[in-house]
Structure formats: structure tokens, C-alpha cells
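The block underneath contains the structure these notes are about, expressed in C-alpha cells.
Just so we're on the same page: letters track the sequence lines, and every chain starts at 1.
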Amino acid sequence: MISVKSVGRPGTLLLDSVLTQTVLTTDQITAIAPDASSLKSGRDLGTPRKWESLGGDDEVLWGLATGSGKNPYQTRVRLADLASKCSCPSRKFPCKHAIGLMFVAANQPDALTQTERPAWVIEWIETHAARVEKAAARAEEKDSKPVDEKAAARRRAIRDNRVQEGLELLEKSILDLTREGFASRTARDAATWENLAKRMVDSQVPGLAGNLRYIADTVLRDPEVDQELPFEIGRLHLLLKVIQSAESHDESLKAEILLQLGGRSLAAADEGMEIVDDQWFIASRTVEERDRLITSSTWILGQVSRRWARLLRFAPAMQAITEPWPLGSNVRVAMKFQAGLHPLRATPASDGNVSISQIPAAHEDELEELLERFTLALTANPFLRNLPFFIPLHPAPDSKSLIDRAGMALPWRASDDQAFRVECICAGNLTPICGEWDGRSLRLLSILDGDAWIPLTSQQP
Amino acid sequence: MTDYPLISASLLGVARMTAMPTPPDPSLETIWNALAAMDPADGVLQALALTRALHRGGIKLQAAEESAPACIPESRELLSSGAVDSLMRLLKGEYSEILPEWLGLASSSGRVLPGRVLPEILTAATKDPKMRSIVRNLAGERGSWIARRHSKFSWLLEDVIVGDDLWYDGVSAERITRLRQTRASDPTRAMEAVASHWAGEDAPMREAILKVISENPLATDEAWLEQSALTDRRQEIRELAASCLTTLPDSTFRKRALDRVRSRVKIQRRLLKRVFVVEPPEKFDPSWTADGLKEKPPQGTGEKAWWLRQMIAMVALNEWPAILDCEHDDLFRFHADPDWRDPLVLGWIDAARRTPDRALPEQFVPFVAALDPWPAGASSKSSVISSILDALPATRRIGLLDDVVGKLPAPLAVELMVRCAATPEYGKGKHLLQIVDSTVTAIPAIITRAHARALALCIPQEGIQQRLETLAKLPELSPAAEEFATTLEFRRAMRNHFYQP
């Protein structure tokens, strides 16, 4: 039987293993459900009544689900990454049985009475371990193989050519549009920017493709498009200028260029990463799907270092991103920051030790501090789009701005639904809020309501 | 800082530009001159990048305008996250039949709702007035604070003590609250205030005022009800006024209604049994129109039958034992002249619909349940019974339903149980629970999954575990039985959130 170390709130399972601590919350389970019907079916299966047997330890959960077939379905879930396997015929992943098993573990851990792993669980865990071992060996073998320098140089040259062609095409297109005018039909047509984005993907610079899609999806829909479109194209042009003269820049700018170009260039950026070991507060998470790619963006705040870090995870559409760190939790872990002009993007060095405890004190007290921090960051990195914040605020009566304790305000952009929810939560009182500031308006991501840290953005694609 | 020349130039196109636009700030003069020497498109783009950075990094804080006072802190604890999560699922449509039970548990807990769930629950209660009294209490100080800013939720203010001035310049909910409070302390003054404003009130406000009065009509209301409300242009207002006047024991309206039927419906002894003798009116008296009677009958109904039906409908059912000098239990057992039986029964049914709280439920519900054939032109049997049951307190409602449910055809019994679903006290509702058990375990299923969810609400908390165990032992469960069991499990988990921190 699983030993429940502590339960922060109902629907939260907290497990200790030798190396790490794992948390399983109903919110996490909800987030990985592939669709609403799977979630509903999974919830319905989240009762011991639907299981012939249930068991678990600090590594894996298992159960025999009563199904319509002759034999019960064998369901198992690995706790470290919520990976699952089930003998049911469903093509959904995770299937409703795996979701149901996780709900039982989160809500009724006492029902997991079996402690000895059945053979089919041992086999699955061993197969996975063997696969991981094999992959590591293959990687090692690959690393130790003598590199065919000629072939590598040929590949690099082909790639550099493609990148160069892409950059030249983009530069030319932007200059042509500048001559024609940003009020022209071509500049205002999303297809123009979508097509350019596709060409950049072909040229192996997905970072620039992202910038172009941002124009198509966001800038062209901005109420201040007349101002924002010229600004955004100016920013892109400056980036191209800097990329074209990359060789003459210092290391941090070169690293920033690699980040902005995106894609395989990032592998090279792994070198010289700064490592910050801290207790990190999981402040916000937004999960979105775009072009059949799911992106989960998480802002975390170091309790001692006071550093912000952004974790990005990706998955193809129809697959869920498993987030091991629930929103509002604290994680003891070392984060590796990717080098750049103002490093924010980071990856964890290990699984981390998760705890559900009190929400920490706000990062800053007043908006003035955010503006100072943003100006400094923008000075260091003119390509910066936004910075996270965690400040006690409340909405102005017209819901058009947010006010801090000094009575100073910054513009706030929110949907009517979000504006009303935030108004209901704050009720005119200063309330710890996490969000992003982009130099024009505040965008809210999460908020403290009572003792619950709740998201204000989508947690499912 | 102004950047319009640069933006304008870029929008119109550099091809049309004759010179580099002026810089947005004089300090940029030198850089601008350098940019002007470059290719015009290149120069403008670099100037835009620079202006963007200045814009983004240069925004100034604005001093906020003075806002209204913040909400005062709640004196009660917040509901637990588990309870709130259950509520969100209910409000999103999962097991929505269980929502009244959640509201009851939350109300008994003495706690308040956190802000995050207010948008959904306030919207739901705005659509469903029956939820409002509990939601008003659960929303606490935060609810009142929100209601002062959003008029669509002004119903939240109906329990708040408000000043006299709000009758004159408050939002509709505040005016209604003030009216209710004044009626409690000085009914004459309240009625004078209503009478003096009546001509200027819009239709929804007139209806709202009548609903307040109908909660407890007073003798001081009679003159105004007769003169103004009973002659209103809108039928809904006239019907509400008539309902209020019917309730006033000494009103002339009630006396007129009683006088109209007293001479026309009597009990006479014929041979060995007592029968109703009915004498319908020969012609329509135009003075009846003022009391809400209509002269022209609907198609297919005779004039005299129509007038008679309306006269009977004007008299609450609990008046009849006194009119006929009989016992409550005997009233619906007498035989009636077959020619006039239908108008008599239809009149009673209409009276029960008009004043369900005075419908002699213990006598009339079994009578209606056994009534066969059902008279043409009447509302459906289930809607008549449920309107009477709905007017009763939960315990009495369940007791009465338990008494009659065995005498009804199974589909009608299930329909009524679904419509009036409520949980009997532990140990009571034996017949009702027997029907629930036999209905949900039937194979193939004889009820829908939605009905199964509603029937799951009839199981007392103490009986949930036992029923789940019984269902687990059955070799096969229909989809309805699965839904019933899942709903019971949801209820069990939901209730735990109120008993565990």
C-alpha cells in the first residue's frame, strides 16, 4: 500500500521515495486527460468499485479494471512521469482506465491495498528500464563513434546555406513591405506572414517562424495594429541585422541569437549554462495548442535567488504534456539557465523535490519595481517581449487597469470573463497576482484565492 | 513623446517618403540623422525598433482614480477547495441534479464561497431564482460588494438592511428590499409609498412589488390592490393581485368569490349517498370581469362550464370544507353530477395551481393521483401534483409523495420522484425507496440516465454505502444503474468535503 506522507488538500497524493518526492493532484490528472469524455469516463472509473484489484508503491500504480471484455484490463501508471499502459483497446492516451486509476490514487489512496507488484507490472517497469538503458547506451555509442568530419562539415554547410537563404528572403520581404507601407493589403494579410513563417521553417529557423506567426495571430488582431505592426516589424528587422553580423558580437549576444533562431541551434547553447539551485515556486502555467503542437509554458520564481525562470515543454497534438510540478507547489531543484542577453528560459537539472505548502510572499510590492526591472531587462535585451511579475494588486473599477498598494496603476488587458473573475476574487482588496508585463499592458496568469493558488489561463490545450 | 510622423510614414510606405520623419524625442536627433543617411527602408525600420524599445521601457505609472471602498473581510471561513471543486463540476453540468444538495450542505456549513466560483454561481442563481436565498447567504460580503457594481446581480442585496432613501433612488433590488423592510415595520407607510409610485413603475418592477405583497398580504393592502393592481393592463399583474386578495380573510374580493360559488355548488343527500349539486350561471355578469373572469370560453368549451370553472378556480381549495360544511377528508369523495363534474374538477385543479400552498395537499394529491380519466383541458397530472408538492416543506413533500407513489402508474411515479427529488429522512420514504431500487436495477433499463441521476438524490446519506454494495453484487448493471451508482459515489465524495477539512 502506498504510504501517504502528507496530504496538502483532498485530491492530493504526496509520496516519498528515496530520491525524490512526487505529488499527484487531481488538477494534474485533469490536465493530461486527452479530451472531456475521457476525463468524465476516467472520473467515473475513479472509484474502487470499478476495479477488481488496486495496488501501488512509490514508483508505480496498478489495477485490474472491470471492463466489458472477458478479462479485466491491466492498467499501470508510472508516477515519475505519469506514463501509463493499459490492455484495453482504446487508442486514447492516457486511456480512461489510467485516468481512473490516478483518480483513485489521488482521492482514495487507502484503496490501493496490493503492495506486491504483479508480474505484468514488473515486466512493464523492467521493459521501460531496459529501454532507457538501451537508449543511454546508444547515445553513448553515438558519442564515442569517430565523427566523420567531412560529412558533418557538408551537413553544416547545407544547413548554413538554408539559414542564410531564409534570412535573406525575410530581409528582402520586410524591406519590400516597408517601401509599400504597413497599411497595405499585403502587410495586413495574415497569409503573407504565415507563408513567410513556413519558409522560415523550411530554412531551419523556427524561432523566426514563431516571430512571424506572432504577427499573423496576435499583432494583426491587436486593436492598436497601426502602431504595433510597424513596431513588431522594426524589432524583427533589428534581430535580422544582429544575426547577419553575429560573428562580431560577444558570447551572450551570440547565445541570444541562437535562442532567437530556435530549433537545433539550442543544442549548441547548452554549453556554459548557469545553474541556480533554489526552492522554486510554480507561479503560473499556460497550455496552448498551435499548429498541432502543444506548448506548456511555466513561470517559476526562486525563493532565495529571487530569479524568474521559464520552463517550456512541447508535445504533438493529441498527446498530453505531463507536468510533474503542480501549479502553486514548491520544488527544490537546480535549474539550468540558457545563456542569452537576459536569461529566463531554463530546464531542470533533476526531477526535483515537490512540496505543497504555503504560497510564498510576493516577489515585488509595487508596480514601480516591475517597471524598473523591465526597463533594465529591455536595456540588456531589446528583443525581450515580456517579464513575469508577482505583486499584490486589485482591478480598477473599470477593469481597464490594475492598482498596487501605492495607488499607482498600469493598463490591464483581459477578457470579460477573466476581468469579472479577478474582480470577484479581489473584491477591491490587494491580492497576490502573477502575470506578464509586455511594456504595454499587464496580462494575468494566476491568482491567490483564499489559500488556493488558481490559474487564470487555459491548463489544457 | 510623439511618434506619429514615423508611424505614419511606415504605414504609407517609404516609397512615398521624401525625408526621414522627425524623431519622437529631441534627444534622438543625432541617431535620427545617422539613420537618415541609410537606405530609407532600413533607416525607418531601425528607427521603429528604437522607438519600440523607448515605448516599452518608458511607460509611466498612472495615479489610480479613487475607487469605492474594498469589500469588508468575511467573518466566516471559506468553503474547502474540495467542496468548491465539486460545485464547479455541478455548475458545469456534471450531476447538476445534485446542486440543491450541495447548496444545502454549504448553507449548513456556515461557510462562504471563495471569489473564484462567484461568476458561475451568481450567473446560475440569476437564471434560477429558487437558488437565490441560499446563494445570497453563501456569497457573503463579497456577493453584496459585487452586486453594488453589477446591476444584474442586484438580487443579492435583497437581504441587506437599506436606508429609506433607496426606495427613491436605489436599484430595483434595493427598492424591493426597502419595501419588504418597511412592510415589516410600518405596512401603511409601505403601501402609501407603493401607491404613490405605482403609475411610474415599469412592468418588471410592478410584478416584483406584487410578489413581495403576495408573500404576506395585509388588510392595509386591500384598497390599493382592488383599485390599482386588479385593474392593471398586464394579466400577470392582475392574477397576482387576485391571488393576494383571495388570501386576505376579510377582503371583499374573497367574499365576492365565495358568494359566487356558495349558491352554485352544494352537497345534497340523494338515496344513500351525498352528491355535489352544481348550478352553473345562466349568464355572464359584466361585474365579474373586474375580478379576472373571462366571458368568452376557449374553443370546445361551453360558456356555462367555462364560467363555472373560473368561479371555482377563484376559491382556494381549503375554503371548500367550510363552504360545504364537510370534513377535509370527505371533500373529494362525493359524487358529482356527470354533466358538471369536469368543470368542477377543472376549477379545483386551477385553484390548486393558483394557490398551491392552500390546496389541501393530503386530500387533493391522492384524489388527483387516482383521477382517471384525466379531464381534457387541464394541465398535466404530474405538473399539477408537482406544483402542490413544491409548495410544501421538504419533509412533508417527501412524506406525501411516499403515500401516493404506490398508487400511481410506474412511469408517472418515477416522473414525480424525478421532478420533486429530495432526500427523505433516514428510515422514512419506504415506498419511494422501494420504487427507486426496483426501477434502477431493472434490466433492460426503464429510465434514462438523467432520471437515474435524479433518483440517486432520493437515497439518504446513511443508505448510500449499502446501496452501492448491493449494486456491486449484481451480475449486470444497466447504463442507468451505472449512472445511479456513479451519482451516489459523487454524492458520497461531495459530502465528505463538508465533513473533512
Side-chain angles (χ1 to χ4, degrees), chain A residues 9-11 26 40 43-44 47 49 107 174-176 178-184 226-227 229-235 237-238 241 367-368 371 374-375 378-379 382 384 394 396-397 401 403 406-410 417 420-421 423-429 438-440 447 449-452 454, chain B residues 3 6-7 10-16 39-42 44-53 55-65 67-71 78 80-82 84-85 94 114-116 118-119 122 141-142 145-146 149-150 468 471-472 482 485-486 489 493 496-497 500:
Chain A
R9 46 180 174 255
T26 50
K40 165 84 171 66
R43 273 203 177 116
D44 291 349
T47 166
R49 184 173 58 84
N107 292 323
I174 286 177
L175 287 171
D176 286 348
T178 312
R179 291 185 189 104
E180 194 182 343
F182 300 139
S184 68
D226 282 348
Q227 175 176 289
L229 183 62
F231 277 172
E232 189 58 31
I233 299 173
R235 173 191 175 277
H237 178 260
L238 180 66
K241 282 266 174 205
L367 291 167
E368 181 75 52
L371 288 193
F374 187 73
T375 307
L378 201 62
T379 310
L384 185 81
H394 70 85
S401 59
I403 304 170
M408 304 306 282
L410 280 177
D417 284 353
F420 184 48
R421 195 174 307 280
E423 186 184 1
C424 286
I425 292 170
C426 296
N429 293 294
D438 64 2
R440 293 171 66 208
I447 188 168
D449 184 26
D451 59 356
I454 64 155
Chain B
D3 42 50
L6 179 66
I7 298 286
S10 68
L11 290 171
L12 291 170
V14 174
R16 292 189 182 86
D39 167 71
D42 201 2
V44 163
L45 285 167
Q46 291 200 44
L48 283 168
L50 185 60
T51 311
R52 175 187 177 275
H55 249 269
R56 297 289 197 258
I59 196 162
K60 295 262 190 310
L61 289 167
Q62 300 289 317
E65 285 176 25
S67 43
C71 175
L78 291 178
S80 71
S81 288
V84 173
D85 291 347
E94 266 188 84
R116 63 182 175 277
L118 286 185
L122 295 187
E141 299 294 347
R142 200 181 292 267
W145 190 89
I146 289 292
R149 276 147 192 80
H150 299 269
L468 284 170
L471 288 168
E482 277 285 354
T486 314
E489 279 163 346
N496 283 341
H497 293 308
Q500 292 168 2

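Interatomic distance, A:I174 CD1 to B:D42 CG, rounded to the nearest 0.5 Å: 11.0 Å. Of the inter-residue distances, the one linking B:T486 atom OG1 with A:K40 atom NZ reads 6.5 Å to the nearest 0.5 angstrom.
Only the backbone of A:E180 comes within less than 4.5 Å of a heavy atom of chain B; no side-chain atom from C-beta onward does. Only the side chain of B:E94 comes within less than 4.5 Å of a heavy atom of chain A; its backbone N, CA, C and O stay farther away. In this structure, chain B has heavy atoms under 4.5 Å from both the backbone and the side chain of A:P230. Contact of B:A47 with chain A is not made at all, since no heavy-atom distance falls under 4.5 Å. Residue contact with chain B, scored on non-hydrogen atoms closer than 4.5 Å, is absent for A:D417. Proximity to chain A (any heavy atom under 4.5 Å) is restricted, for B:L12, to the backbone atoms N, CA, C and O. Contact annotation for B:E489: only side-chain heavy atoms (C-beta onward) come within less than 4.5 Å of a heavy atom of chain A. Proximity to chain B is limited to the backbone of A:L384, based on heavy atoms less than 4.5 angstrom apart.
No side-chain heavy atom of A:F182 sits under 4.5 Å from any side-chain heavy atom of B:I7. Between B:E482 and A:D44 the shortest side-chain heavy-atom distance does not fall below 4.5 Å. Counting only heavy atoms from C-beta outward, the side chains of A:F420 and B:R149 never approach each other to under 4.5 Å. Taking 4.5 Å as the limit, every side-chain heavy atom of A:I233 sits out of range of all side-chain heavy atoms of B:L48.
Of the possible polar contacts, one joining the A:R421 side chain to the B:R116 backbone as a donor-acceptor pair under 3.5 Å is found. The backbone N or O of A:I425 sits less than 3.5 Å from a side-chain atom of B:R142, completing a donor-acceptor pair.
Considering only heavy-atom pairs separated by less than 4.5 Å from chain B, the leading option among A:G428, A:G181, A:A427, A:G439 is A:A427. Annotation: maximal heavy-atom pairing with chain A below 4.5 Å, among B:L471, B:V44, B:L11, B:V84, occurs at B:L11. Contact count versus chain A (heavy atoms, under 4.5 Å) is highest, among B:H150, B:E141, B:E65, for B:H150. Most heavy-atom pairs under 4.5 Å with chain A, from the set B:D39, B:L122, B:L61: that is B:L61. Ranked by heavy-atom pairs under 4.5 Å with chain A, the first of B:G58, B:A64, B:A53 is B:A64. The greatest number of non-hydrogen atom pairs below 4.5 Å with chain A, out of B:L78, B:L468, B:I146, is found for B:I146. For the options A:K241, A:H394, A:E232, heavy-atom pairs under 4.5 Å to chain B are most numerous at A:K241.
Counting all heavy atoms, side chain and backbone alike, A:L378 lies closest to B:G57 at CD2-N, 3.5 Å. When all heavy atoms of B:A49 and A:L238 are compared, the closest pair comes out as CB-CB, 3.8 Å. The shortest heavy-atom contact between B:S81 and A:D451 is OG-OD1, 4.4 Å. Of all the heavy atoms in A:C424 and B:L118, the pair that sits closest is SG-CB, 3.8 Å. Taking both residues in full, the closest heavy atoms of A:N429 and B:A70 are given as OD1-CB, 3.3 Å, listed atom of the first, atom of the second, then distance. Here the closest non-hydrogen pair linking A:L371 and B:I59 is CD1-O, 3.5 Å.
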Q | Verdict with reasoning, A:L175 to B:L45, per side-chain contact (heavy atoms from CB on, under 4.5 Å) | A | CA-CA 8 Å; A:L175 287 171; B:L45 285 167; 3.8 Å; yes

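For B:R52, there are no salt bridge (charged side-chain N to carboxylate O under 4.0 Å, His left out) partners at least two apart in sequence or on another chain.
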